[in-house]
Amino acid sequence: MADKSEKMKARLPRGFVDRSADDIRIVEKMMARIREVYELYGFEPVDQPLIEYTDALGKFLPDQDRPNEGVFSFQDDDEQWLSLRYDLTAPMARFVAENYEKLPKPYRSYRSGWVFRNEKPGPGRFRQFMQFDADTVGTPGVAADAEMTMMMADVMEALGIKRGDYVIRVNNRKVLDGVLEAIGLGGDDNVNRRLTVLRAIDKLDKFGPEGVRLLLGKGRWDGGAEGEGDFTKGAGLDEAAIATVIAFTEAGSADAATTAENLRAIVAGNARGTEGVEELAQIGALAAAAGYDDGRVKVDPSVVRGLEYYTGPVFEAELLAEIPNDDGQVVRFGSVGGGGRYDGLVSRFRSEPVPATGFSIGVSRLMTALKNLGKLGTSDVVAPVVVLVMDKDTESLGRYQKMVAELRRAGVRAEMYLGGAGMKAQIKYADRRGSGVVIIQGGDERAKGEVQIKDLIEGARLSAEITDNAEWRAARPAQVTVPEAELVAEVKKVLAAQAEERAKQ
């Protein structure tokens, strides 16, 4: 029998994180700015539950052949399999299909929330994280895709990221397919080799052209030289096919029209590839017409997203600025969101084709980047004023509670100390809470109808300057006594002085 005195160990499951008050406030601030941009573009909020029928997620789970892999699943009492949502797009597609006749078309919506991945956790790889999506359903032309890229550029700038420190890169899955067909990798028999090629292209930023060339051929050793590190098997392409793929990745130019010309030459004679190039050219033209061709939106053939998910244009928001990571290393942060056209997703539930396009922001990743850039903080959140409890009789508690209520009515965050400790521990509590002000009323002050207001921030500063005990007693630093009727006004005066000091830092 287990020893009853043995306590259960408190431990966080692997791949999950606890969130602090600062993290929560930063995310809320960031999402409010994103929401403002989405609303400005005419998108409407909507939400779906965290749990869906597993078959509604289906084959669109990235890189998964079986729908119950990669997700947290359980069986309901009616033997139906349910899963925690893997992303926000599949539940949205189910919602649109289920309510199709009632919704306006095109249907423009946004949503945010937690998604879950039943995958092996690792550094920066979590099993629960937040996304913020916007989608347009019912628009077949690429005007909707062009608008997505421009909206994401506006989101980056609304979050304080300077022009030139980010880029929205655009490619087209049809062009990718056209290139693959041109090198003999069309058809169902070549699905795995196509995925290997696409994964290789996706490693361009990490390994460079030579590393990608190895992954397209026989394979690559992680250590660089043969026999060093682990070996990644390549796609097994011949030299001509490798040259075509590399030429495709290098076809990008600062000018969208030049990029389109380069791509037309590569996919010449392939109908699907040519269609994709023309769509890219149109997106480039629309971005240019709206003034977003100044480096904000760029056609880039090296973008690979959603290997089996997207059906047309794909896009990615990338931070170009060098940003300190959590370990203090200055790195190029890379992608913070992406999306594209997924015309097959809503159509799974209906007999007719339903075109759709969308964009998803990785909230946690973007929050980390913005924090490290100094673009988001919680310095404007003022910790509550703490009213100390010197006497615990009902009448005294009522007086303390009255003070708290008066401060709150005046818009000042405040709380009455609710623990059981004495005055010294209460001030320590207020200090740990980050409070700048405490209110003290003992028997002497109560008899005179007065309160003491202690400025903890100024007190800490002065205490560092005063070394003599007598001087300390004479100075009574940062502490004033005022009539009870002046409590709110004096507290506001102290808080205003503290805010002014913070603004100077």
Side-chain angles (χ1 to χ4, degrees), residues 30-49 52 56 60 85 87-115 130-159 168 170 172-173 279-280 282-287 289-292 296-297 305-306 309-317 336-350 352-363 366:
M30 182 180 79
M31 292 176 69
R33 294 180 186 175
I34 297 170
R35 189 176 295 110
E36 285 178 4
V37 178
Y38 287 178
E39 291 274 356
L40 190 64
Y41 273 69
F43 287 77
E44 302 289 347
V46 70
D47 195 18
Q48 285 82 44
E52 292 283 339
F60 289 93
R85 62 189 181 193
D87 64 9
L88 300 179
T89 312
M92 185 279 301
R94 186 272 308 157
F95 168 80
V96 171
E98 193 170 1
N99 299 278
Y100 195 76
E101 304 306 329
K102 296 182 289 184
L103 296 174
K105 267 78 71 179
Y107 179 59
R108 301 156 66 83
S109 65
Y110 69 84
R111 71 213 51 79
S112 62
W114 295 107
V115 298
M130 188 174 289
Q131 292 181 334
F132 201 158
D133 288 14
D135 297 87
T136 298
V137 179
T139 301
V142 295
D145 303 285
E147 182 183 63
M148 284 290 171
T149 66
M150 293 184 275
M151 185 169 71
M152 292 319 303
D154 288 349
V155 164
M156 295 296 109
E157 297 195 11
L159 293 170
I168 312 301
V170 190
N172 196 308
R173 179 59 195 267
E279 289 180 354
L280 283 177
Q282 187 178 353
I283 291 173
L286 291 170
Y292 286 78
R296 284 180 284 174
V297 176
R305 290 193 61 84
Y309 197 97
Y310 296 110
T311 59
V314 292
F315 18 89
E316 192 163 60
V336 291
R341 180 160 289 273
Y342 49 92
D343 287 350
L345 194 50
V346 180
S347 303
R348 294 171 62 229
F349 301 96
R350 300 186 61 81
E352 76 265 40
V354 183
T357 187
F359 203 104
S360 179
I361 295 172
V363 171
L366 182 54

Heavy-atom donor-acceptor pair, Asp133 side chain to Tyr110 backbone, under 3.5 Å
no
Check whether any side-chain heavy atom of Thr136 sits under 4.5 Å from a side-chain heavy atom of Arg108, and report yes or no.
yes
Between the CD atom in Glu147 and the OH atom in Tyr292, the distance rounded to the nearest 0.5 Å is 9.5 Å
Polar side chain donor-acceptor pair, Asp135 to Ser109, under 3.5 angstrom:
no
Is the side chain of Arg296 donor-acceptor paired with the backbone N or O of Met152 at a distance under 3.5 Å, no angle test?
no
For the backbone of Asp343 and the side chain of Thr311, can you confirm whether one donor and one acceptor N or O come within less than 3.5 Å of each other?
yes
To the nearest 0.5 Å, atom OG1 of Thr149 lies from atom CD1 of Ile168 at 7.5 Å
Side chains of Glu279 and Asp145: closer than 4.5 Å at any heavy-atom pair?
no
Main chain of Gly141, side chain of Arg341: is a donor-acceptor contact present, judged purely on distance under 3.5 Å?
yes
Check this for me, if you would: do Glu39 and Arg35 make a salt bridge, where the nitrogen-to-carboxylate-oxygen distance has to be below 4.0 angstrom?
no
Stepwise, does the ring pair (Phe, Tyr, Trp, His ring centres under 6.0 Å) test hold for Tyr100 with Phe349?
CA-CA 10 Å; Tyr100 195 76; Phe349 301 96; over 10 Å; no
Tyr38 and Phe43 aromatic ring geometry - parallel, tilted or perpendicular at 30°/60° bounds:
tilted
Ignoring hydrogens and geometry, is there a side-chain-to-backbone donor-acceptor pair from Arg33 to Met156 under 3.5 Å?
no
Any side-chain heavy atom of Phe315 sitting closer than 4.5 Å to one from Met148?
yes
Given side chains that start at C-beta, do those of Asp154 and Tyr41 come closer than 4.5 Å, heavy atoms only?
yes
Is a donor from one side chain sitting under 3.5 angstrom from an acceptor on the other, for Tyr107 and Glu44?
no
